[in-house]
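Convention: sequence-line order gives letters A, B, ...; per-chain numbering from 1. Please read these numbers as outputs of a predicted model, since none were measured by experiment.
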Amino acid sequence: MRPNFITKLIDGEIAAGLHSEIVTRFPPDPNGFLHIGHAMAVCLNFGVARDYGGYVNLRFDDTNPTTADPVCVEAIQEDIRWLGYSWKNVLFASDYFDELYAMAVRLIEVGKAYVDSLSEEEIREYRGTVTEPGRESPYRSRSAAESLELFDRMRRGEFAEGAHVLRAKIDMASPNMIMRDPILYRILHEPHYRTGDRWHVYPMYDFAHPLSDAIEGVTHSLCSLEFENNREIYDWLVDELFEPPRPHQYEFARLNFEHAVMSKRLLTPLAKSGLVEGWDDPRMPTLAALRRRGVTPAAIREFVDRLGVTKTNSVADLGLLEYTIRDDLNRHAPRVLAVTRPLRAVLSNYPGGKVERLAAPYWPPDVPNRGSRELPFARELYLERDDFSEDPPPGWRRLSPGAEVRLRHAYLIRCDEVVRDEEGELLELRCSYDPDSLGVNPPGRRIAGAIHWLAAPSALPAEFRLYDRLFRVPSPDPPLGGDASRESLTVCHGFVEPSVAHDSAETRYQFERLGYFWRDPKSSAPVGLVFNRIITLRSSWNAGGEVRRDDPTKSGGAQASPPGEAPDPVAALTAEQRASFERYSALELSRNEAALLAGNSDLANFFEEALAHQGSPASLANWVVNELLRVAKVIPLSELPFGPAEFARLVALVDDNALSSRAAKEVLKGMLAGEGDPDAIVAARGFTQVSDASALESVITRVLEANPEKVEVFRQGKTGLLGFFMGQVMRETGGKANPQLTRGILEAKLRRPATPGDR
RNA sequence: UGGCCCAUCGUCUAAUGGCAGGACAACCGGUUUUGGUCCGGUCGGUCGGGGUUCGAAUCCCUGUGGGCCAGCCA
C-alpha cells in the first residue's frame, strides 16, 4: 500500500510500541453483492493487515435477521478471494449474541442502560431534532431490576415487536443525535439464519459492532466517513465494557463513481429488473460483474492504490480504472486477430486452393514476452467492415477504393472493386495482393496503415459482446429504466483466428485494433465461442469514429467562493464579554485577539494569570491565541503539564531575543511533553539563539558552497529557493540561528555573484 | 438552524512551518506492420478575507462551499 493517513498513524503507534500485532476486520452486511465501491475498504483492511504482518477477520454483520442472505455470504467470500486477499477467521456478529446480551445486562446493572417502553413514534418525538435537544423518556428512571426483568422477557419473546427497546442511558441533549440514548436492542420475532429461533431480541449495529471489535482484539476498525458520528458511541461502549488495549475506529472516504449506481437500494432492484442479466452482468459495478467481464484483480488493486486513502469526499475517475485495466492487460494479453463485423474480400490474383501459414508473433516488440502462432492466409478473407470506406474522411489510414493497406502480419492489398447486391448494399470487395510485400514494404511506396483480417476458410465463428457504460447520465437516479442506455450492450457475430481453440478458456486476449477480450465464463462452453469485451483500446482516431465521451452535463470545477469579508468579531460578544474586550484592547491587543480572548473564558483566564507573572500583553496574547489555542483543542488547559507562569516565561524569552520564535515552539513542545520549565529545556537542549553575525556568515557560506547548482537556479530567478537555504541554515544550527539576521546575510550573498575566485 | 468532518492542477493525490511534486485526462511531437504500447514535451492548482512567522498549502480567527447525523438499517 502507498502511505496514507492510516498507515502513518499505525507507523507512529508501532514506533511508540503500542501494538504487538495489527488486527483489522472487514464487516460486510451479508445483503447484496460487493461492488467496486467496496474495493477500497477491502484493499485497505486487508492491505494494512498484510503490510504489517497482522491479520483480518472477515465478520458478517448479521445483526438484522430480516435482511441477511446466505447467498451473499458465499458470494462475498469469493469476491474477496478473487481480489487476492485472505482472512484469518470467518466470523459472524451472531457468534457473539450471548456475550453481547451479557454485556447489555451488565450495562443495565450499572445504570447505563434501561428498557424503554415508548412507542416508535414517541421515541422519535422525544429524540428532538438536530437543532433542539431531546427529552428524557419517562421510563428512563425505571429501576435496574425492572429493566432487567423486562429485558429478559423481551429475550424470551413475551412482547410484541416494538413494545420495548433497550437503550443506553447517555444524554438526551447531546448535540450528537446518536448519543441521545441510542437503542441497543430491539424485539424482532424473526428467525435468524444462523441462530434459528433462539433470539427474540437482536442488537443494533451501534452496539454489536464496537463490542465485536473489542471481543476479537481488533486494533484498527476502519470504516467509511458516514460513520464518523458513530465513533462517539463506539468509544462510549468500549470504554464502558472493556479494559485497554482497546480498538479504535478510523474513518476514510469511500469510493464514489459517476455513471454508476452503487447503493444497495438501487443495485438490488437493478439486478432483479431484467434490464441486466443479474448481479454479475458485465455492465454492473459489482466485483462479480467485473470478474465475469474479464477485468483482472490486479487492475482493481492498482486502481484503488493509485486513488489513495483520504478523508476527502471525492468522485473517482473512470478513466483511471480504464487505465489500470489496460495497463495490466497490455503486458499480459497475447495479441490475436478477430473480426467482429465481417466484410468478405476476395484476392483475385491469389490462387484458389492455396493456403499459406504465416508466422505471427503473439507480442509486439515493446512487450517483453515471447511466442508466436501460425496464421492461415487464403484467397478469401474477412476484413472489418469499419476498416473500409468508399468515401474516406481526411486522415483515413485504412482501406478504400484504389487504396493500398497492409494486412497485419501478411501482405499489402489494394481494393480494386466494390461488389453490391440489387439494393446497392455492400456485398464484398475484390482486391489484389502484392506477393513481394510479405514482411517488407516495397521501396518507394508509403503505406498508411495496417488492418486486421482472417482467412475465411479457417476462421472460427464467434459472438462478441461489446459493453458500454450502463448509464448515460453522471448521477443516475430512479426510475432506473429511463437512464439506462440501450447501447450498453452490442452483440456482434464474427470470427476469430483458429489458434484460440487451443488456449485455456481463461486467456485474456488483445484482439488487435479492437480491444481486450476473453471468453464469457458463463455462456461460452456449450454454445460456442462467446467473447466479452473487457475494454476497448485507447484511441486517438476520432474523425467519423466513435463519439468522444466528454460529458456536456458534467459540472465544472470547484466554484470560487465569493470575495469574503469577515464579520466584526466584536459584534457577537455579550455585554460582559464586551467589557473584557475593552480592557484587552486597552492593553493594545489586536482587535481579533482581544475579541477571541473575551469570548473564551478558559483562554482568557490563562492569559490573565500569565500576564500577572511577566511579559508584554501583546506578545502574550499573540502566543496564547496562535499557539496555545491549538493545544487547548486537544488537552484542556487545566490538564497541561505546565502553568501560566511557565508559559509567560517562554514568551518573555522570545521577547528578550534569547530565543527565536522557531526555537520557542520547540521548547513549547518540550513543555507539553513534560520536560520541565522553559529555562531548563533551553539549557538542556541548547536552544539559545545565535545572533553573532560572523558565526552565521560562516554557516551560510558553507550552505551555499554545498549547493552551487541551487545558488545558480536562485540567481536565475527562482527566489522561492530562499526558503530552502533558510531551512538548510536552520538545520545546520539546530534551529538556533537568528532568522532576521540570517535572512539578511543570505539575501546579500545570493544577490551578488559571490566571492571572487568562486566559480 | 445544532454538532462532527472535509477543501491543493479538469480528476485523484503528495509536500517534519523551508524548492507546490506525481499520476490520470487533455494537447503537441517522435517511434511503430495495432489510430495500441513506449518515449519526449505542453497546458494546468493551494476556496475567499484577516492574522502569527524570517518564511504558511500547512498554525490561529473568520467567511464560503460540500458531506454526514433526527431508522427499532448498516
Side-chain angles (χ1 to χ4, degrees), chain A residues 2 27 29 31 61 63-64 67 120 123-124 127-134 161-162 165 174-178 180 183 185-188 204-205 209 225-232 251 253 306-308 310-317 319-320 323 326 330 335 364-367 395 397 406-410 439 441 447 449-452 510 512-513 537-542 545 554 556-567 569 590 592-593 595-596 622 625-627 629-630 660-662 665 710 713 718 720-728 730 738-744:
Chain A
R2 291 168 141 74
D29 184 5
N31 151 38
D61 247 314
T63 51
N64 187 345
T67 57
E120 194 171 340
I123 288 181
R124 196 167 20 252
R127 186 150 36 217
T129 70
V130 289
T131 50
E132 301 157 31
E161 291 187 9
V165 289
S174 170
N176 181 355
M177 296 291 292
I178 289 175
R180 320 247 256 231
I183 292 172
Y185 269 90
R186 77 285 214 191
I187 298 171
L188 248 27
M204 300 288 291
Y205 165 88
H209 190 82
L225 248 27
E226 73 249 45
F227 291 98
E228 275 171 332
N229 296 317
N230 303 60
R231 191 174 60 233
E232 203 174 343
E251 309 87 16
R306 278 170 178 257
L307 282 178
T310 63
K311 299 190 70 143
T312 315
N313 273 310
S314 58
V315 179
D317 188 352
L320 184 62
Y323 171 82
R326 289 191 184 109
N330 175 49
R335 273 60 167 176
D366 49 87
V367 178
R397 308 216 317 239
R406 163 71 61 185
L407 293 182
R408 171 114 248 235
H409 299 308
N441 274 344
I447 307 302
I451 62 174
H452 56 276
Q510 184 192 108
E512 293 208 42
R513 306 208 310 128
L537 256 25
R538 193 162 165 268
S539 173
S540 56
W541 168 248
N542 204 18
K554 191 169 173 177
Q559 62 308 303
S561 4
E565 201 169 303
S590 79
N592 281 331
E593 283 169 0
L596 184 70
N622 190 339
V625 169
N626 285 296
E627 299 300 326
L629 192 53
R630 170 168 63 255
S660 70
S661 64
R662 180 193 162 98
K665 286 175 193 173
K710 297 273 192 195
V713 175
K718 193 173 165 86
L721 281 172
L722 188 65
F724 165 79
F725 292 117
M726 283 294 292
Q728 292 298 306
M730 287 300 174
N738 177 317
Q740 290 93 330
L741 213 49
T742 305
R743 188 185 178 111

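Listed candidates were B/U8, B/U52, B/G36. Nearest to the side chain of A/Thr312 is B/U8. Closest approach to the A/Ser314 side chain among B/G51, B/C12, B/C19 is made by B/C12 (side chain taken as heavy atoms from C-beta onward). Here the nucleotide nearest the side chain of A/Arg397, chosen from B/U37, B/G35, B/A20, is B/G35.
Proximity of A/Glu593 to A/Asn626: side-chain heavy atoms (C-beta onward) are separated by under 4.5 Å at one or more points. Looking only at side-chain heavy atoms (C-beta outward), A/Met730 and A/Pro739 come within less than 4.5 Å of each other.
For A/Phe725, there are no ring pair (Phe, Tyr, Trp, His ring centres under 6.0 Å) partners two or more places apart in sequence or in a different chain. Annotation: side chain to side chain contact (heavy atoms under 4.5 Å, CB included) contacts of A/Glu161 (sequence neighbours excluded): A/Ile187, A/Leu188, A/His189. Applying the ring pair (Phe, Tyr, Trp, His ring centres under 6.0 Å) rule to A/Tyr205 yields the partners A/His209, A/Phe227; only residues at least two apart in sequence or on another chain are considered.
When each of A/Leu407 and A/Ser590 is assigned the nucleotide of RNA chain B with its nearest heavy atom, A/Leu407 is the one assigned upstream, toward the 5' end.
OP1 or OP2 of B/A26 sits under 4.0 Å from a side-chain N or O of A/Arg538.
In this model, a side-chain donor or acceptor of A/Lys710 finds a partner on the base of B/C19 within 3.5 Å. Residue A/Arg513 places no side-chain atom within donor-acceptor reach of the base of B/U34, judged by atom type and a 3.5 Å distance cut-off alone. In this model, a side-chain donor or acceptor of A/Gln510 finds a partner on the base of B/U34 within 3.5 Å. A donor-acceptor contact under 3.5 Å is formed by the side chain of A/Arg662 with the base of B/G18.
At whole-Å resolution of the value, CG in A/Leu721 and P in B/G18 are 14 Å apart. Nucleotide B/G51 holds its P atom 12 Å from the CG atom of A/Asn622, rounded to whole Å. Spacing between atom OH of A/Tyr323 and atom P of B/G22 amounts to 15 Å, rounded to whole angstrom units. Put simply, CD on A/Glu228 is 14 Å from P on B/G67, counting in whole angstrom units. Rounded to whole Å, atom C1' of B/G51 lies 13 Å from atom CG of A/Leu629. For the pair A/Lys311 NZ and B/C6 P, the computed distance is 5 Å after rounding to whole Å.
If you check every strand for non-hydrogen atoms under 4.0 Å, A/Gly439 touches a base. Within 4.0 Å of A/Arg335, counting heavy atoms only, lies at least one base atom of the nucleic acid. No contact: A/Val713 has no heavy atom under 4.0 Å from any strand. Across all strands shown, A/Glu251 has no heavy atoms under 4.0 Å from either base or sugar-phosphate atoms. A/Ala595 comes within 4.0 angstrom of nothing in the nucleic acid, heavy atoms only. Residue contacts shown for A/Gly449 are absent, as no nucleic acid heavy atom lies under 4.0 Å away. Residue contacts for A/His409: at a heavy-atom cut-off of 4.0 Å it reaches a base atom on one of the strands shown.
In terms of heavy-atom proximity, A/Leu741 sits nearest to A/Asn738 at N-OD1, 3.1 Å.
Put simply, the side chain of A/Thr312 never gets that close to the backbone of A/Ser314: no donor and acceptor are under 3.5 Å apart.
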Given Watson-Crick or G-U pairs with both distances under 3.5 Å, what dot-bracket string fits RNA chain B, with | for other-strand pairs and [ ] for crossing? .((((((..((((....[..)))).(((((.......)))))....(((((..]....))))))))))).....
Between the protein and nucleotides 28-30 of chain B, which nitrogen or oxygen pairs come in under 3.5 angstrom?
none

Can you build the contact string for nucleotides 69-74 of chain B? Use B for base contact, S for sugar-phosphate-only contact, and - for no protein heavy atom under 4.0 Å. BBSBSB
